[in-house]
Amino acid sequence: MDSAVHRLETVSLRKEYPGTLALDDVSVSFTGGKIHALIGKNGAGKSTLVKLLAGAIQPTRGSILVNGEEVRLRSPRDALRRGIITVHQELSLVPELSVAENVLLGRLPRKPWLGVSIIDWRTVFDRAKDILTNLGIDIDVRLKAGRLGVAQQQVVEIAKAMSYNPSVLILDEPTSALAQHETERLFELLRTLAARGVVLLYITHRLQELQRIADTVTVLRNGSLVGVVDIAEASTARIVQMMFGEILQRTKPAGLVAREEPFMEVRKLSKRNAFRNIHFTVRRGEILGIAGLLGSGRTELLRALFGADPPDEGEILIEGTAVRPSSPMEMKRLGVALTPENRKEQGLVLPLSTRLNVCLSSLDRITTGGFLTRARERAVVEKSIRDLDIAVANAEAPVASLSGGNQQKVVVGKWLNIEPRLVLFDEPTRGIDLQAKQQMFQIIWDMSARGIGSIVVSSELEELLDVCHRILIMRQGEIVGEVRPSDISLDQLFAACMEEQA
Amino acid sequence: MIASPKLRSLLSEGILEIILVLFCIFLSFSAPGFLTAGNLLNVLRNVSMQGVIAFGMTMVIISGEIDLSVGSAVAFAGCLTAFITQTLAGDTFGLPLHVAIPIAICATLTVGFFVGTFTGIMRTKFQVPSFITTLALMTGLSGAAELITNGFPLTPFPSWYNFIGGGYLFGIPFPALIFLLVFATLQFLMNYTSFGRSVYAVGGNAEAARLSGIDVNRVKRLVLGTTALLAALSGIMQSSEIMSGTATTAKGWELDIIAAVIIGGTSLMGGVGRIWGTMIGVVFLGVIMNGMTLLNVSEYWQHVVRGALILVAVLLNLLQKGKSQR
Amino acid sequence: MIASPKLRSLLSEGILEIILVLFCIFLSFSAPGFLTAGNLLNVLRNVSMQGVIAFGMTMVIISGEIDLSVGSAVAFAGCLTAFITQTLAGDTFGLPLHVAIPIAICATLTVGFFVGTFTGIMRTKFQVPSFITTLALMTGLSGAAELITNGFPLTPFPSWYNFIGGGYLFGIPFPALIFLLVFATLQFLMNYTSFGRSVYAVGGNAEAARLSGIDVNRVKRLVLGTTALLAALSGIMQSSEIMSGTATTAKGWELDIIAAVIIGGTSLMGGVGRIWGTMIGVVFLGVIMNGMTLLNVSEYWQHVVRGALILVAVLLNLLQKGKSQR
Amino acid sequence: TKKDEQAKKRIAGIMFQEDQFFRLVLFGMRDAANKYGVELLEANSAGKPDKEVQLINTYIANRVDAIVISPLSAKASVSALTRARESGITIVTYNTTIEGDVPVSYVESDQVDLGASTGRAARAYVEKKLGGKAKVAVIAVQSQVPEQSAMRVGGFKSEITKLPGVKIVAEQDAWLAEQAVKKVGDILTANRDVNIVWAANEGGTVGAVMAVKNAGKAGRVVVFGTDNSEQLANFLLDDDQVLQAVTGQSPFEIGSMALEAAVKVLNGEPVEKKVSLPGVLMTREKPEEVRQFKDRLKELSK
Ligand SMILES: Nc1ncnc2c1ncn2[C@@H]1O[C@H](COP(=O)(O)OP(=O)(O)OP(=O)(O)O)[C@@H](O)[C@H]1O
Ligand SMILES: Nc1ncnc2c1ncn2[C@@H]1O[C@H](COP(=O)(O)OP(=O)(O)OP(=O)(O)O)[C@@H](O)[C@H]1O
Ligand SMILES: [Mg+2]
Ligand SMILES: [Mg+2]
């Protein structure tokens, strides 16, 4: 009975925000048994559609049909009850509760006790453990969810969704923080579900994934449906055309080489439970990639370099002078910037406007003696919005109202404003579209040409190959190798990250 | 390697308990009559009225809300019980007291629950912060208490009514028993029911809770309703203890109660807290008060000492917690 | 299509102002003497002492903290000023009053600032929530005020001292001028300096602010220090108004002040708020109070009416905001 | 000797406010405690009935010999004190008392007379200076101590309204100077013809005087008040003509007599069931008395 084929449709579905038409009368139909990719540039309205289907927001007008029957989803409860399960783009775990409780939130197993029904804690942990193990995930279910990294949180959310036994499963950029290995595992599971007749809706900005996973591709642009194509007809060029119209493909300029002088030298840096004995040098203008699997310690390393979490031992030299990075403030003064991986928790001040967020790191650039000048501020904000093509209806509205990808651009953009000398990028392209990615790369290259170096951490290895001068390979907290993009293929790099320790 | 983190975690989990015990040991030696069964039961009785509310407040704070109206609610509930009793037993209705009083109690508890639900509805329907609604209720209820009593204590109660707030059962003060009962109930509720877990989820991340299908609004309403109900209960106990409905009573309780909750380790940010911790916080404040009275500390020094002790307790607790996390 | 959202946003941004104006119009017709220059200046004078603190409190709340000690700090500052004056002008030192008083004022302001900084350090160094530190200070400072005055009002002040809290400059009450000056300063600080920006960022997301290279700890210390300084200033104004240092004064101000801040649209969650909004909130509460006195509303009804009006103002504000967002 | 120590009686003295009046009561108690060689346990219920009950409970558990208390309420404080009485503790009340015959002795100043005495002074003023006509504002303290407030207000009103030309145009509540200065300020702007303000306690009187001064109405509006203090005495000596008269109590005497009564009962000596101390009227007509009062106060508060 579980293998009945389901169907999900929308009819003239519309969502307006003040000043923004997020979704413009979209009528589309998704059938079960297939994996439907939903794509579009940042701010196209994908997440808006997802939230409407999940009952998280209410449409301005239009209707949703499940198996031909019109449904009104007044709250996420309604959607869940109908088997519509969603993994949202923004992580939504309760940080203070255990992983197990998060997985089973809202449906904790109970047992009778003295005539009342009480929570069966043993079953809670056992069942959660089972769910995670079945998906090949090894996470201590008693850990607080807040202690997990972004990738692990994303995995937990996916596991949670899977365990509902959904008839419609919607995944809003589930792989944005996942590396290849986890992504493969996820694809297998999706195919199993599809075979059971589940409607699968899959959002991604990684176009190379489409061929491997999607059956159909639905493209949104500016809130309207551009079209639905079968994967067989969907060449990357065609999809890009549908998403953006014309787009400029950029590649690393041929003559881009790093300078000779070292900028930052890292010696024997260690931090308990995170990384050991890290040793490397970044030269001025050099673009250094760090490749590694989920949990290999890259985020911790970048945070240590930036002074956000000071390392236990080792030293860092900047232009030959030893520094003890004790606070981000100090590193900022030395010209080091960090764009964190978790935009909501670490990157943005959500209640504040885009304008204020963009200027947050560069307050001293827009002030004289501590006093602000609106004119200088405006110039900075306008430049950022232009350079990164941030889609924002109103720079005064809270940054929370931006689409996920545009928020990410703000996180990166605010650091480019300080005219840094070395930028540490932690998953900078998480959730941003192809075009914006290209723009960001261009900025990294331009900076390099001016002698500004970068350290780029990305789980998308091909990105590292495209962008970097040099790539360090990190495994279980140690640097185990160093390669040049020209000397290695994607598969080889992936294998190098995976390789078991001897 | 196994024992050490365990010990450390015991120390960090139990640091408040340890502080409390050390403080009690200190008092046993320095304060005459502290370590007698009579006095300890007396401490329990003294904390019971604020205590029953503190457990509710713990839920409220965990759920990410606050209730500033509890003090006024206590006064109002006491006055309302007295007022209803007086009215029903008065000439117009002429009910006997043993009928009038139970009716008055039930009515007061019901009104209490609805006052809290009102705060909840303002919060969930109209996004009025509970801080504001309960601040308004704080002055509103105290005005209402003054209006129904006309400013003078109402004393319609027969002497047996004193049992609720002043009586003994099995040698234990009856209000202390109520206090322990409320503690056990909420301890159970928060740890073994899905409602309790929803409270944590709602306070920890309301949006995540909502997306997981939890009825966030209902949880908030119930939590606020329950706490106001407990404040009404406390008001009834209080009116029985002082045998009158008095409008000026329980002023400033809200801050004492919130202090007890926070001393017990509950975070004002929501999502984090334990009923047991509140128990420790309540007893801690009760012991400070009792100890200073026994030691005959002068009123002015009492203020200073009380402030310092609250700070030291929270500080030690945090220092120990911080250390164990490193 | 262009005008309509503008109008709507004006209505939603200005709804509190509109409520206030409507309320004033109502009073002009119903309350004798409300709409006279004398009375309006009187309102301004009445709100000025709580008002100067409210602007500081706005910063504190925007930065994600709270200060419950301001009421006690006012009493303490008044007593300290009187105490220092008395000591310096007394037999031992024998300084003339026009020397002793300025010294006393400077010393009191300095002490005030350091008390706030202490809260800040407890917060940033030891993670003690400001709620707890300031709650401890609330009782601690009031004890300290009682100790230095020994419970008696101190009255060492010469009649010219009355100018600060009771005098007039250009026909405007001097305390009202201080109030307006503090308003203008903080309004500028919060909107046109990088410090102000940092306050918003720290309150909206402290971790993101830290990772943006903002000195979160310094911001919190400064904000708390400034507010305690303003409380000390208010205490001095107060001591001048009543011409004595009295330990029992300013009880419960903290809640009035926080209410004014929240009515003005500042969010207790931090990151959101305006100094101008607080100005409206402060004046709103002042007008309610003044109006009810003029209408000779009885004390008990005043409590009820005040609660209801606070609730209605916040509710209308939120409803209007909510509508414009949909 | 050790035996003396053991025999040393323990008496709890409970106040309900941290103000000058109770401060002086306390000094009176301490003075008497010293004299009779008993141990005095000091406590303050801070105006809270709930705290009062807790204190009494604690003293019952702690088996003190006597409690000397100013109960917060004639009715609400009965039950706890009855319990104390039943457990063998001697109860003496002062300043305020409770219904029934639990206290063996009660030392008071007549609350009605505190209002009435000033009321008579005010009436004389109105007759002499205002031709028998006046608009009066009353500042009560009912939200703090409703019963006392009602008695004082009643006493004042009963005297002043004997003049048919007197109208009470405003009745507000404020027990702290800081509150009273605002309320009276408001009243004076609203009712431009108010010429007399009377306040029911020290804070209210100070606030009223300052409000009149701040409004620049010194000479046109006069203040009568209750309680006495150094600041009020100074106001009476001030030549701005604002404060005319206050009726104060004798707190030091109340405290020492109440404690003395408790000691006597414990020693099996007879005591008066009720001692009423008259209010002390001070007026600006008799500056010498005011100065004497100041000197005495200075001495006591050392
Ligand atoms: N709460 C809101 N208030 C105002 N505008 C909003 C709100 N949420 C989304 N929007 C706007 O709606 C549009 C569509 O956003 P949506 O999140 O659906 O984009 P998306 O396709 O998911 O983009 P991304 O790939 O960046 O995640 C954007 O312009 C966004 O700014
Ligand atoms: N707060 C924490 N408490 C406990 N363990 C942690 C914490 N943060 C990170 N870790 C662990 O430290 C290791 C390194 O994590 P880190 O986030 O640096 O890896 P990463 O390579 O950036 O991977 P990711 O893709 O997860 O970001 C992981 O095993 C992770 O589980
Ligand atoms: Mg999106
Ligand atoms: Mg990472």
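Keep in mind that this is a model prediction, so the values were computed, not measured. The chains referred to below are lettered A, B, ... by the order of the sequence lines, with proteins before strands, and numbering in each begins at 1.
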Side chain, backbone, both or neither: which part of [X] has an atom under 4.5 Å from a heavy atom of chain C?
X        : result
A:Leu348 : backbone
A:Arg333 : neither
A:Arg374 : side chain
A:Lys414 : side chain

Would the number of heavy atoms belonging to other residues, nucleotides or ligands and lying under 6.0 Å from [atom1] of [X] be above 12?
X        : atom1 : value
A:Arg324 : CZ    : no
C:Met269 : CE    : no
A:Asp25  : CG    : yes
C:Phe114 : CZ    : no
C:Arg218 : CZ    : no

I'd like to know if A:Glu330 pairs up with C:Arg210 as an ion pair, taking the criterion as any Lys NZ or Arg NE/NH1/NH2 lying under 4.0 Å from an Asp or Glu carboxylate oxygen.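 Here A:Glu330 does not pair with C:Arg210 in a salt bridge, since their nearest N and O are not under 4.0 Å apart.
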Output yes when C:Arg197 and A:Glu377 qualify as a salt bridge under the 4.0 Å nitrogen-oxygen rule, no when they do not.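 A salt bridge links C:Arg197 with A:Glu377.
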Partner of C:Ser212 under side chain to side chain contact (heavy atoms under 4.5 Å, CB included), picked from A:Pro328, A:Ser361, A:Pro340, is A:Ser361
Rounded to the nearest 0.5 Å, what's the gap from NZ on A:Lys344 to CG on C:Asn205? Could you check?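 Answer rounded to 0.5 Å: 11.0 Å.
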Rounded at 0.5 Å granularity, tell me how far CG in C:Leu211 sits from CZ in A:Arg303. 5.5 Å
Verdict with reasoning, C:Ile214 to A:Leu360, per side chain to side chain contact (heavy atoms under 4.5 Å, CB included): CA-CA 8 Å; C:Ile214 290 172; A:Leu360 216 52; 4.1 Å; yes
Largest heavy-atom contact set with chain C, pairs under 4.5 Å, which of A:Thr60, A:Leu356, A:Thr367, A:Thr368: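 Among the listed options, the one with the most contacts to chain C is A:Leu356.
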In terms of heavy-atom pairs under 4.5 Å with chain A, which of C:Ala208, C:Ser198, C:Ala206 leads? C:Ala208
